[in-house]
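Step one of this worksheet: look at the structure below.
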Amino acid sequence: MQTHTHHWTITADLSPLLVLTNGYQSWSESELRPLTDTPQRATLQWMVDQGQDPLFPPSGEAGVWRSHGLIAVIRPDGGGWVGCALDLSRAFAHWEARADGDHVQVTCTVEGPDVELAWEETADVRETVEDLAGRLGAAMGALNPAPLRVWCSWYSYYLDVTFDVMVENARLARERGLPFDVFQLDDGFQADLGDWTEPNPRFGRHARELPAELQALGFRAGLWIAPFLVGPRSKLFAAHPEWMLQGDDGTPLLFGSNWGGAYATLDTTHPEVLTWLRDLAATIRSWGYDYLKIDFLYGAAFPGHRHDPHASRAEAYRRGLQAIRDGFGDGFILGCGAPLTPSIGLVDAMRTGPDVAPFWDDEARRVFIGDGAAPSARSAIHTVLARWYQHLWYQNDPDVMIARRERSLLSDQERGALLGLLDVAGGLRASSDPIQMLDEQALTLLRRSLEITTPDRPVSLTTSHGPTVTHFTRGTFNLQNTPVGTLASHSFSAYPSESTLPSQPVEVDLRHVSHD
Ligand code: 9PG
């Protein structure tokens with residue numbers, strides 16, 4: 001594997017410095033932390049496989065911070081240092097900041113062909129992060145489509161989704177006048193991973209029959225696939241074991257854990273695989289879908305043996321993504337579980353955090369197993385906020401609002417924090433709430449969450465209520481378990497005006513939600 005290492009030294013009093021990190025893929029933890037703290041490292045291998053880069057996971061070592069694409073070290077005055085790669089279409093940029101006495105040793109290891117790196121000392125880290133991220137986005141042709149409002153089946157129905165559930169929710173949404181653009185069918189319609197065009201009897205009908213029903217109700221049709229993954233019992237796996245990424249023993253590599261076990265992934269440097277991917281995306285388009293959520297994309301960049309041994313992981317990944325884009329044409333593509341930087345310019349939108357869940361925190365998995373990608377409202381807010389600038393790479397998808405009160409453990413304050421997240425992230429809007437479950441209060445909250453806003457900017461990187469960026473021009477988040485002044489725990493408080501910062505945040509009363 002080709003690598004190139006670059007090195008810088010910062011001389012400073014380390015104790016007040018903060019570091020801003022960017023995790024590898026959609027679900028990987030991203031944060032704003034004291035440099036001398038200790039990053040979490042997941043202790044179970046499948047969590048590393050599925051939530052981090054197995055070749056560059058968090059260090060687990062005090063004062064050693066790893067970050068993908070860019071990194072920032074921040075002084076108490078808001079100035080500091082920012083490093084960012086300026087083209088990541090063929091390589092990964094692995095940044096590491098290491099506390100070392102009264103120095104910080106910064107390295108960037110480029111995995112793949114060497115790339116131009118920016119390393120800047122600045123009086124305003126926030127501005128320099130945005131400036132350099134913007135240059136990276138522009139160099140890679142970042143797409144910037146209009147945000148969409150999406151109903152997605154996953155976060156209520158999970159694998160139990162049926163054809164009738166989709167149509168019934170679309171019908172009720174139309175009846176209630178809810179302003180969704182797209183109804184998106186998630187995981188559960190397919191026979192197996194890889195056998196996407198074969199129906200799962202549990203779903204009731206074939207997914208190709210759904211677009212006509214949704215369009216008749218005035219919605220666009222969206223579909224989820226995990227295009228690179230292949231189930232070990234699927235027809236695709238049996239037919240083409242040579243299309244799979246191979247392990248050292250020359251057999252298909254099985255990794256991760258979901259759907260009851262490990263899975264294989266396609267080798268996207270194999271020409272026949274690229275043709276198959278292009279055809280798959282074109283087939284789904286021909287069924288009438290013009291919105292595609294492509295998930296578990298990190299598979300194509302997983303370490304292993306490939307048909308083209310000269311392709312870097314980033315190149316292999318991008319060839320696979322390009323094939324899907326070629327097949328899906330000008331349809332809208334949302335990336336998920338995706339290595340972030342090599343996706344720029346090929347996806348319209350990107351999930352920039354782990355899954356939201358109808359509860360605040362999963363302490364067992366997050367704290368005791370050290371997995372920052374564990375689904376929860378808190379994890380999603382934490383990571384998405386630390387990536388506020390990524391709207392310069394694609395449209396941010398902070399994941400769904402959960403407005404319902406049934407089948408949810410979220411408090412009013414916590415639902416308000418999710419609403420604040422969608423407002424501040426300013427990208428895609430989504431909900432999975434069963435429409436018939438929503439009372440007047442929940443409907444009001446859902447409608448608020450579907451109002452398109454522009455991405456917000458932090459007002460400060462040096463004060464925060466939680467280990468991420470929490471202070472924005474439109475309001476403040478408190479992710480901590482204790483109140484701060486009048487700001488409740490697990491909450492977001494909007495300021496009354498976008499341009500003025502009052503000395504005390506104003507509480508949002510969810511029963512009368514309004515940002516006007
Ligand atoms: C469908 C889902 C939804 C969801 C995606 C993704 O780490 N994990 O165990 C883990 C499992 C599933 C997952 C994310 C992480 O969810 O983000 O929106 O599409 O797949 O299976």
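Not measured: the values here are computed from a predicted model. Counting convention: from 1, in listed order, for ligands and their atoms alike.
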query = Which salt bridge (charged side-chain N to carboxylate O under 4.0 Å, His left out) pairs, counting each pair once, include a residue from residues 146-157, with sequence neighbours left out?
reply = Arg149-Asp181

note = Only one of Leu143, Asp290, Leu148 passes side-chain contact (heavy atoms from CB on, under 4.5 Å) with Phe332, and that residue is Leu148

task = Would you mind checking which non-hydrogen protein atom is closest to atom 5 (C) of ligand 1, with the distance to 0.1 Å?
result = Asp295 OD2, 3.0 Å

request  = Could you tell me if any non-hydrogen atom of Arg365 lies under 4.0 Å from any atom of ligand 1?
outcome  = yes

query = Does at least one non-hydrogen atom of Met47 fall below 4.0 angstrom from an atom of ligand 1?
reply = no

task = Looking only at protein heavy atoms, identify the closest one to atom 8 (N) of ligand 1 and say how far it is in Å.
result = Gln50 NE2, 2.9 Å

query = How far is atom 17 (O) of ligand 1 from its nearest protein heavy atom, and which residue and atom name does that atom have?
reply = Asp355 OD1, 2.6 Å

inquiry  = Students should be able to answer this: which protein heavy-atom is nearest to atom 21 (O) of ligand 1, and at what distance?
reply    = Asp187 OD2, 2.8 Å

query = Can Arg205 be said to sit on top of Phe163's aromatic six-ring, NZ or CZ under 6.0 Å from centre and within 45° of the ring axis?
reply = yes

task = Below 4.0 angstrom from a heavy atom of Arg351, which ligand 1 atoms are there? Numbered from 1 as shown, please.
result = 17 (O), 18 (O)

query = Which of the atoms in ligand 1, numbered in the order shown and given with their element, are less than 4.0 Å from a heavy-atom of Tyr155?
reply = 4 (C), 18 (O)

key: Among Gln52, His382, Arg366, side-chain hydrogen bond (donor to acceptor under 3.5 Å, both in side chains) partner for Glu29   = His382

query = With the threshold set at 4.0 Å, does a side-chain nitrogen-carboxylate oxygen contact exist between Lys235 and Asp192?
reply = no

inquiry  = Please confirm whether Tyr158 approaches ligand 1 to less than 4.0 Å, judged on its heavy atoms.
reply    = no

query = Which residue owns the protein heavy atom closest to atom 2 (C) of ligand 1, what's the atom, and how far is it?
reply = Trp154 CE2, 3.5 Å

query = Is Trp259 in polar range of ligand 1, meaning some N or O pair under 3.5 Å apart?
reply = no

key: Test item: side-chain donor near acceptor, Asp249 and Thr251, under 3.5 Å   = yes

task = May I ask you to list the atoms of ligand 1 that are less than 4.0 angstrom from any heavy atom of Lys293?
result = 3 (C), 4 (C), 18 (O), 19 (O)

Test item, Cys336 contacting ligand 1 (heavy atom, 4.0 angstrom) = yes

Salt bridge Glu315-Arg318, side-chain N to carboxylate O under 4.0 Å = no

request  = Identify the protein heavy atom lying closest to atom 19 (O) of ligand 1, giving its residue, its atom name and the separation to 0.1 Å.
outcome  = Asp186 OD1, 2.7 Å

message = Geometry only, no angles: is Trp46 polar-contacting ligand 1 at N/O separations under 3.5 Å?
response = no

query = Hey, does Tyr157 have a side-chain heavy atom less than 4.5 Å from the side chain of Asn169?
reply = yes

ask   = Do Ser343 and Tyr317 have side-chain N/O donor and acceptor atoms under 3.5 Å apart?
value = yes

inquiry  = Using the ring centroid of each side chain, check whether Trp224 and Tyr289 are separated by less than 6.0 Å.
reply    = no

